[in-house]
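Both backbone and side-chain heavy atoms feed into the values below; hydrogens, waters and symmetry mates do not.
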2 protein chains.
Amino acid sequence: MKEITVFAPATVANVSCGFDVLGFAIDGIGDTMTLKKVSEKGITIIAIEGADLSLETKKNVAGVAGLAMLEALNADFGFEISIKKGIPLGSGIGGSAASAAAVVFGINQFLDEPLSLQELAYFGMKGEAVASGNEHADNVAPSLFGGFTLIPGYDPFEVISLPVPSELYVTIIHPHIEIKTKEAREILPKYVSLKDAITQSGNLAGLISGLYTDNYELISRSVRDVLIEPHRKQLLPHFDSVKELALTNGALAFGISGSGPSMFALCRGELKALELEQHLTQFYQRKGLEIDGYVSKVSRNGSRIL
Amino acid sequence: MKEITVFAPATVANVSCGFDVLGFAIDGIGDTMTLKKVSEKGITIIAIEGADLSLETKKNVAGVAGLAMLEALNADFGFEISIKKGIPLGSGIGGSAASAAAVVFGINQFLDEPLSLQELAYFGMKGEAVASGNEHADNVAPSLFGGFTLIPGYDPFEVISLPVPSELYVTIIHPHIEIKTKEAREILPKYVSLKDAITQSGNLAGLISGLYTDNYELISRSVRDVLIEPHRKQLLPHFDSVKELALTNGALAFGISGSGPSMFALCRGELKALELEQHLTQFYQRKGLEIDGYVSKVSRNGSRIL
């Protein structure tokens with residue numbers, strides 16, 4: 001085998017109560033990457049389609065993630081990669097993470113002793129740092145593993161694959177505004193009240209329990225964010241109104257996807273998710289804002305060979 | 001039926017990563033209470049054995065919890081209760097919560113339409129407030145339910161019963177020093193760094209996942225406390241040394257039980273827990289400090305009729 005094409009899905013990170021530790025994969029949207037093994041060491045990016053991104057290896061998340069992996073493996077070969085971005089840049093559904101996931105997943109297919117998905121997530125995270133300015137894996141992990149993933153800790157680095165209730169769907173709303181991940185981080189407070197920290201940890205614990213027990217009501221009560229959303233929502237036009245609209249139209253929960261601008265609504269069943277997409281799309285149209293909407297199962301599928 | 005005797009077990013609250021939201025029940029230690037239904041409304045405490053506590057209803061956790069329940073039910077009857085404290089006062093293993101659990105559990109046996117354990121925990125919490133100065137249910141819930149309980153939120157108030165891995169044992173070390181719950185609260189910071197809050201929520205999420213999947217290694221890595229222990233450990237003589245001793249002698253995790261002074265070590269298997277009890281007891285003896293040690297399964301049994 002000299003060449004392979006892989007797909008890595010878009011993802012929703014944070015999921016309101018799991019800032020920097022939780023994420024899930026979306027079906028049908030993602031980045032596609034072709035990797036060609038070459039004798040020259042390193043990563044050469046020969047083409048990027050669908051986005052205006054640097055071809056320079058060290059300025060590109062896929063380049064950095066791939067290099068980190070090849071260097072750690074002490075590989076005496078390299079790759080030429082071409083990337084087809086299926087995830088709009090800066091949309092907040094894990095575009096850079098998908099490219100990072102794709103490159104490490106792709107390289108892994110060429111190894112005599114392939115790495116585990118957790119090890120791949122670690123190298124993927126190295127690429128992510130280029131985009132976000134800090135190393136976190138809450139997008140790259142679900143893009144690799146699929147489903148819900150939890151990163152209980154970074155020291156040691158660990159990824160836990162969580163069960164996905166079968167009727168769990170998501171509606172994604174992507175308003176066409178730009179939020180830089182770095183800026184979305186800078187808006188956050190350095191300190192939070194102990195009381196809010198405890199409330200948030202109870203929410204996250206409730207969500208984890210709800211996922212293990214298919215308890216949609218508990219999931220609904222738990223996907224709430226008292227730490228991050230109160231600060232970031234000001235970056236999103238009409239956030240409070242659209243959240244209320246979602247919750248009064250049957251969404252289990254509504255929040256900011258990653259650092260935005262995309263927002264997600266968890267729904268029970270595809271029909272509910274599709275109805276909600278309509279409601280929310282119409283809301284933004286009335287406001288004169290351009291948006292995209294997607295509906296997807298919370299997907300058990302992670303990165304895969306095409 | 002006019003009279004009943006019930007038992008409510010001791011409990012470990014917080015469990016390092018679950019401040020105010022998590023707790024588990026201990027086998028064999030607890031409070032015993034006899035309740036006699038009488039025509040006079042309210043709660044009359046006729047005797048308390050094993051501790052020097054107020055017989056005045058409104059100054060006693062069992063009195064307050066029982067009253068809260070009877071008033072909410074608009075009961076036209078009352079109870080005479082006698083309490084046998086099996087849990088040393090101020091030991092940090094849920095002594096006041098056990099009395100609160102016992103009274104609401106006992107009253108419930110006399111009702112035509114008994115309340116759920118979650119509803120009982122709510123009234124038990126009202127009694128707890130007398131002892132701790134704030135309403136929380138992380139001791140009273142496991143004393144009623146048994147096993148591990150999670151309180152994902154107080155608004156709405158909810159208790160989730162979590163699975164207990166079958167080989168999970170606990171060694172309790174109770175040094176004979178006094179720590180007032182209110183003081184232990186006052187030592188805590190009002191604000192914590194967002195980074196620590198996220199670390200802690202990852203720990204709690206990891207523990208919840210570990211309990212659902214019988215993953216002792218994950219439990220071990222997750223029962224860690226970066227928010228509370230760093231402040232409270234100064235109240236406990238030799239805390240760092242004894243923690244290190246526990247962890248190097250096979251404990252999965254070690255921490256402060258509730259607001260102390262008791263400490264707990266989680267162990268896999270009874271033998272390990274018994275060995276550890278010896279090590280830790282000897283350590284304190286060498287230091288000239290008086291302590292009690294207990295070993296128990298993390299018990300699936302909550303409050304029960306004797």
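In this structure, chain B has no heavy atom under 4.5 Å from any part of A/Asp196. In this structure, the portion of B/Ile228 lying under 4.5 Å from any heavy atom of chain A is its side chain and not its backbone. Interface remark: B/Leu207 contributes no atoms to any contact with chain A (heavy atom separation under 4.5 Å). B/Leu22 does not touch chain A: none of its heavy atoms, backbone or side chain, sits under 4.5 Å away. No part of B/Asn215 comes within reach of chain A, as not one of its non-hydrogen atoms sits under 4.5 angstrom from that chain. Neither the backbone nor the side chain of B/Pro163 comes within contact range of chain A, judged by heavy atoms closer than 4.5 Å.
Here the CG-NZ distance, from A/Leu188 to B/Lys195, works out to 15.0 Å after rounding to the nearest 0.5 Å. Taking CD1 of B/Ile198 as the reference point, atom NE2 of A/His136 lies at 12.0 Å (rounded to 0.5 Å). A/Ser201 contributes atom OG, which lies 8.0 Å from atom CG of B/Leu227 (distance to the nearest 0.5 angstrom).
A/Gly202 and B/Val21 make their closest contact through CA-CG1, 4.4 Å (heavy atoms, listed as atom of the first residue, atom of the second, distance). Contact detail for A/Leu150 and B/Gly206: the closest heavy-atom pair is CD2-N, 3.8 Å. Nearest heavy atom pair, residue B/Leu204 against residue A/Ala205, reads CD2-CB, 3.6 Å.
Counting heavy-atom pairs closer than 4.5 Å to chain B, the top residue among A/Ser193, A/Ser222, A/Ala197 is A/Ser193.
A/Leu218 is listed as a side-chain neighbour of B/Glu158, based on a closest heavy-atom distance under 4.5 Å. In this structure, A/Pro152 and B/Arg221 have side chains that are not in contact, with every pair of non-hydrogen atoms separated by 4.5 Å or more. Between B/Phe19 and A/Leu194 there is a side-chain heavy-atom pair separated by less than 4.5 Å.
In A/Phe254, the CZ atom is crowded: over 12 heavy atoms of neighbouring residues, nucleotides or ligands sit closer than 6.0 Å. Atom OH of A/Tyr122 sits in a sparse spot, with 12 or fewer heavy atoms from other residues, nucleotides or ligands closer than 6.0 Å. Counting non-hydrogen atoms of neighbouring residues, nucleotides and ligands closer than 6.0 angstrom, the CD atom of B/Glu167 exceeds 12 such neighbours. Counting non-hydrogen atoms of neighbouring residues, nucleotides and ligands closer than 6.0 angstrom, the OH atom of B/Tyr191 reaches no more than 12 such neighbours.
For B/Tyr212 and A/Ser209, the side-chain atoms include at least one donor-acceptor pair closer than 3.5 Å.
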